[in-house]
Each structure stands twice: as structure tokens, then as C-alpha cells.
Amino acid sequence: MAERVRLGVNIDHVATVRNARGGVHPDPVRAAEQALAAGADGITAHLREDRRHITDRDIEALSVLCAEAGRPLNLEMAVTDEMLAIALRHRPHAACLVPERREEVTTEGGLAVAGHEARISPVASALSTAGIRVSLFIEPTPEQVDAAHAVGAQVVEFHTGRYCHLSGDDRAVEFERLQAAATRAVGLGLEVHAGHGLDYQTAADMMAIAEVRELNIGHFLIGEAVFVGLPTAIHRMRAAMDAAT
Ligand code: PXP
């Protein structure tokens, strides 16, 4: 039997709320601790160049927490020298390279790897050499999948934002695009993850793509936590994923 699909919980927006008042509450590290206790398979955090939510101190504390818990930390980062140095210092389990600036984004929102191989390849290589798994957050297109493979990524995370926003036939077409890209990625030896905009229903939908090994979910879970608490939101997400598997 295939291993169950992992659930990575992104705690960025706990830091967004904390930073709205400039204090220490709510603490994203406490949220990460709760998420792991509730069954999250790993923690995802995005250290943005402008530090609008997660801070350098959060990454330090999350690294310690995940190491102690023996669970993976997935550091989302822009392709910059500064972020590379931070990743090499903390050595998270994985680094997911994401776009932060307009010029790094494809029309729909993933990282433009195709056409930018010369810039991304050395960063991917430095991360891999340090034992950090390299994931690229891309649109589900053949060009981006092939480029991700060419620059030496081990993982592609497909941007599901478009799927989540569409409905009806348009959504069905986008699903086929995700499925085709997942098949292509696995054919090249890449592991497939998915994330962005997922809720209970769309996360369950992703379970129909057998190649998907991990979902990374933040905004919806943190929003739900306001109403039902974070552990319950995570339990419900896990149950939705398992019921659809
Ligand atoms: N995966 C990646 C690479 C992301 O950058 C994000 C945050 O935008 C997510 C997953 C989670 O997206 P959301 O917060 O919409 O669940």
C-alpha cells in the first residue's frame, strides 16, 4: 500500500496576526508545536525578504522545534543570496524555492524556472550539496517540470491556486493539467507536492492524483483555527484527505 499523503502545515499567517500588533502573540512556534501534536507531518514557513510575517528568529526557533520533534521543516524562500545563506545556516529538511517578485512569477503564480535556469541552478545545487531537499513551486506545465528537472530539483510543488479559483469545466481542465504535469514529473524521477489555496474539498480533490505525496496548506487551516481551533482544523483536514484516498 502506498504511504499516506503527508500534510505540511504552513504557519505564516499566525505570524501575520502577531505582527499586526508588533508583539509576541500569537506565536507561530506555539502553533507549529500544536500542529505537530495534532498530526501535521511537517511545518512549512516562508521567510520573506521583507519579513512581513515569519522572522529570522521564528526560523531559528522552528528549526529547533522540528529537530527536537524529528519532523521536517520546509523553508520557503526566494532565490536570493541572502536566503541561500540562511538556508545553509539552518539546514532545514527541505527548501522550496518560490517567487517573490513580479518578474520571477509566471502568468499564474509559480516560479518561472524555464528561461531562468542559469540563476536557479547554482542555488539548487548549493542547497542539495548541503543535504537540503530542493523543491520548486511551479505551475503544472511541461516546460516548468522539465526545467525543474534540468536544474536538479528533487521535488516539484504544483501551484494549486488556479485550480482552487476555477469552477465547473474550467476546474476539470485544470485538474487534467495537474494530473499530466504530475505524471511527467514522476517520469523524470521528481517527487510531487501541491499547495496554495487548498481547503477541505480541494485538498480531498488532490488525492485523486496518485503521484501527489505531500500537500502544504496554510491560509485555510489558520482561518479555520479561529472557529474550531488549530488541532481540530488539522484533524478535519487529515480526515478529508484520508477519506478521499
Ligand atoms: N506552498 C507554497 C509554496 C506556498 O508559498 C504557500 C503559501 O502561499 C502554500 C503552499 C500554502 O498556501 P495557502 O496558505 O494558500 O494554503
Side-chain angles (χ1 to χ4, degrees), residues 5-17 28 31-32 35 40-54 58-59 62 72-80 83 87 92-102 104-106 108-113 120 123-124 127 132-140 144-145 148 153-166 178 181-182 185 190-206 212-226 230 233-234 236-238 240-241:
V5 175
R6 294 186 300 273
L7 171 60
V9 173
N10 180 318
I11 41 74
D12 291 351
H13 294 306
V14 178
T16 302
V17 176
D41 296 295
I43 297 299
T44 294
H46 185 180
L47 183 66
R48 295 188 72 100
E49 289 179 87
D50 63 7
R51 309 305 198 263
R52 76 175 67 150
H53 39 57
I54 293 294
D58 293 331
I59 292 297
L62 290 167
L73 175 64
N74 175 32
L75 173 67
E76 293 178 358
M77 53 177 266
V79 187
T80 65
M83 289 300 151
H93 169 79
C96 182
L97 304 184
V98 300
E100 282 193 25
R101 302 205 186 99
R102 189 171 283 277
E104 296 172 323
V105 184
T106 58
E108 293 96 354
L111 183 68
V113 184
I120 295 168
V123 174
L127 291 166
I132 302 165
R133 232 163 164 231
V134 177
S135 171
L136 301 183
F137 186 45
I138 58 172
E139 289 300 317
Q144 298 299 347
V145 169
Q154 287 97 50
V155 178
V156 282
E157 178 163 328
F158 290 131
H159 195 306
T160 49
R162 197 175 145 77
Y163 176 83
C164 294
H165 277 114
L166 293 171
L178 284 159
L190 295 161
E191 184 170 299
V192 174
H193 299 176
H196 199 89
L198 296 172
D199 59 15
Y200 296 135
Q201 181 58 56
T202 48
D205 294 347
M206 290 303 115
V212 169
R213 302 308 320 144
E214 176 175 312
L215 298 182
N216 283 300
I217 308 179
H219 186 267
F220 177 78
L221 286 174
I222 303 307
E224 272 297 282
V226 171
L230 188 56
I234 290 171
R236 288 182 184 173
M237 183 58 77
R238 184 72 256 172
M241 290 165 65

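The first residue in the sequence is number 1, and the count goes up from there. Being a predicted model, the structure only gives us computed values, none of them experimental. Computed over heavy atoms, backbone and side chain alike; hydrogens, waters and symmetry mates excluded. Counting convention: from 1, in listed order, for ligands and their atoms alike.
Taking CE of Met241 as the reference point, atom CG of Leu7 lies at 5.0 Å (rounded to 0.5 Å). A distance of 8.5 Å separates OG1 in Thr16 from NE2 in His219, rounded to the nearest 0.5 Å.
His196 and Glu157 share no side-chain donor-acceptor pair at under 3.5 Å. Side-chain atoms of Asn74 and Thr44 include a donor-acceptor pair closer than 3.5 Å.
The nearest non-hydrogen atom to atom 10 (C) of ligand 1, considering only Glu214, Arg48, Glu157, His219, comes from Glu157. Comparing Gly109, Gly218, Gly8 against atom 16 (O) of ligand 1, the shortest heavy-atom distance belongs to Gly218.
Between His13 and ligand 1, a contact under 3.5 Å exists for no N or O pair. Inclusion of Cys96 in the set of residues having an N or O under 3.5 Å from an N or O of ligand 1 is not warranted. The distance criterion of under 3.5 Å between nitrogen or oxygen atoms is not met by Asn10 with respect to ligand 1.
Minimum interatomic distance between Pro92 and Leu75 (heavy atoms only, all atoms of both residues): CG-CB, 3.8 Å. Scanning both residues, Arg6 and His193, for their nearest heavy atoms gives NH2-NE2, 3.5 Å.
When heavy-atom distances to ligand 1 are checked against a 4.0 Å cut-off, His159 has no atom that comes that close, whether in backbone or side chain.
Residue-ligand proximity, Gly197 to ligand 1, at heavy-atom distances under 4.0 Å covers atoms 12 (O), 13 (P), 15 (O), 16 (O). Per-residue contacts place Ile217 under 4.0 angstrom from the following atoms of ligand 1 (heavy atoms of the residue considered): 16 (O). Each of the following atoms of ligand 1 lies closer than 4.0 Å to a heavy atom of Val98: 3 (C). Close approach of ligand 1 to Asn216 is summarised as follows: ligand atoms under 4.0 Å from at least one heavy atom of the residue are 10 (C), 11 (C).
Contact analysis leaves His46 out of contact with ligand 1, as no non-hydrogen atom separation drops below 4.0 angstrom.
Of all protein heavy atoms, the one closest to atom 6 (C) of ligand 1 is Glu76 OE2, 3.7 Å. For atom 8 (O) of ligand 1, the nearest protein heavy atom (residue, atom name, distance) is His196 ND1, 3.1 Å.
Put simply, the residue from Val17, Asp12, Ile11 that forms a side chain to side chain contact (heavy atoms under 4.5 Å, CB included) with Pro28 is Ile11.
A salt bridge does not link Glu139 to Arg162: none of the charged side-chain nitrogens sits closer than 4.0 Å to a carboxylate oxygen. Using a cutoff of 4.0 Å between basic side-chain nitrogens and carboxylate oxygens, Asp199 and Arg236 are not scored as salt-bridged.
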